[in-house]
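Input: a single structure, listed below in structure tokens.
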Protein chains: 2
Amino acid sequence: MARPPHAREKVLLAYAQLLVEGERAATMDAVATRAGVSKGGVLYHFPSKDALAEALLGRFAEVSAADVKAMQDDPDGPVRNFIRTSWETDADLDPVYRAVMRLAHAGHEGALGMLESLHDDWLRELETETGDAALAKTVMLLGDGLYHQASMPGRWSQQQFSDLDELLAQVDRLLGR
Amino acid sequence: MARPPHAREKVLLAYAQLLVEGERAATMDAVATRAGVSKGGVLYHFPSKDALAEALLGRFAEVSAADVKAMQDDPDGPVRNFIRTSWETDADLDPVYRAVMRLAHAGHEGALGMLESLHDDWLRELETETGDAALAKTVMLLGDGLYHQASMPGRWSQQQFSDLDELLAQVDRLLGR
DNA sequence: GTCTATACGGGGATAGAC
DNA sequence: GTCTATCCCCGTATAGAC
């Protein structure tokens, strides 16, 4: 957090947004325009495009750690927390997660590694609650499915399920509750 | 099918492969090299890069129609067929599907539309078998989860489940079988 | 039908003014 | 700390030879 120069923050945000719209759309020029600064201004804060990606990954590390913590602390348990946060799209993690996913799709090794690591953390929590590896993996798959749908640009099948409860009912069924 | 000039086929295949490795990697130059022809050779068969994308979508229409048909005709029923084919990665559809997904991620409208349409077809078949819309959507989500994992470059969590049977057992449980 | 040569545009990055 | 000007590389596409 730590109040960094406001412009830097806006640039990073613009970069993340543009990534979600398509990795190709995230040019230095487009980032500058959206952030309301000039190309040179962007390059001042981030000396290269890769520096921009690294900064995004740093942000990702922060929010994903917080996400795992929230999963552990949720009174409803990790499974329900996981399904809920995979469903909701306005969480802290979501926009950053989707941006990093684009980087991974584009072949960025660091992005790929961090996603895998978060994936592992999630799975560990799910296994802890369910005590059943196969079951945990199945819940994981449901979350991945939601992210798959969310990863599409535009408004792909936005409302597959009418609401979160309809989906949670299915999860309960799977858990034999 | 119809035996088109062999080179054309090789070019299209190379393009699809490169797309999966990363949309940015699929340059005309890279396609030419992988297909074993020159840049000019590629441009002879496909007058523009967009023509290459259109040809891929045409191929996708063919194999996805065949996929839905196979789903309907499978003696095990649409659900098991869907889960099995989402799990397996060597099917006819798979490489083309993944390539088109990259195009969609890059913001290609046509690719997005065709994926949505196939998605709708799948869902209809699942609903027909289960007679339960929410259940069908849940199965759909599992398949999407598998594709999400498969959509990552490299060997992301290649074997989440040790084998297909472990996953099918979970599906049976969900269906109450 | 396939290749070489080349024109053209866009994106990343540097230098230096303000 | 932010901007303008500029260079260079790479990717697409055209022209035309073989």
It should be established whether A:His6 places a side-chain nitrogen or oxygen under 4.0 Å from OP1 or OP2 of nucleotide D:dG1.
no
Does the protein touch nucleotides 3-18 of chain D at the base, only the backbone, or not at all? Give it as B, S and - per nucleotide, heavy atoms under 4.0 Å.
BB------SBBB----
In chain order, what residues pass the side chain to side chain contact (heavy atoms under 4.5 Å, CB included) check against A:Glu88, with sequence neighbours excluded?
A:Arg84, A:Asp90
Hey, can you pull the donor-acceptor pairs under 3.5 Å for the side chains in residues 14-21 of chain B, sequence neighbours left out?
unit_1  : atom_1 : unit_2  : atom_2 : d
B:Gln17 : OE1    : B:Arg34 : NH1    : 3.2
B:Glu21 : OE1    : B:Arg34 : NH2    : 3.3
B:Glu21 : OE2    : B:Arg34 : NH1    : 2.9
B:Glu21 : OE2    : B:Arg34 : NH2    : 3.4

Once salt bridge (Lys or Arg N to Asp or Glu O under 4.0 Å) is applied, what residue pairs with a partner in residues 138-152 of chain A remain, sequence neighbours excluded?
none
Rounding to a whole Å, what distance do you find between A:Leu18:CG and C:dG12:P?
11 Å
Can you tell me the distance, in whole Å, between the CD atom of A:Glu23 and the P atom of C:dG11?
12 Å
List the residues meeting ring pair (Phe, Tyr, Trp, His ring centres under 6.0 Å) with B:His105, not counting sequence neighbours, and say none if there are none.
A:His105
Donor-acceptor pairs under 3.5 Å, side chain of residues 36-44 of chain B to any protein atom, not counting sequence neighbours: which ones?
unit_1  : atom_1 : unit_2  : atom_2 : d
B:Ser38 : OG     : B:Gly40 : N      : 3.4
B:Ser38 : OG     : B:Gly41 : N      : 3.1

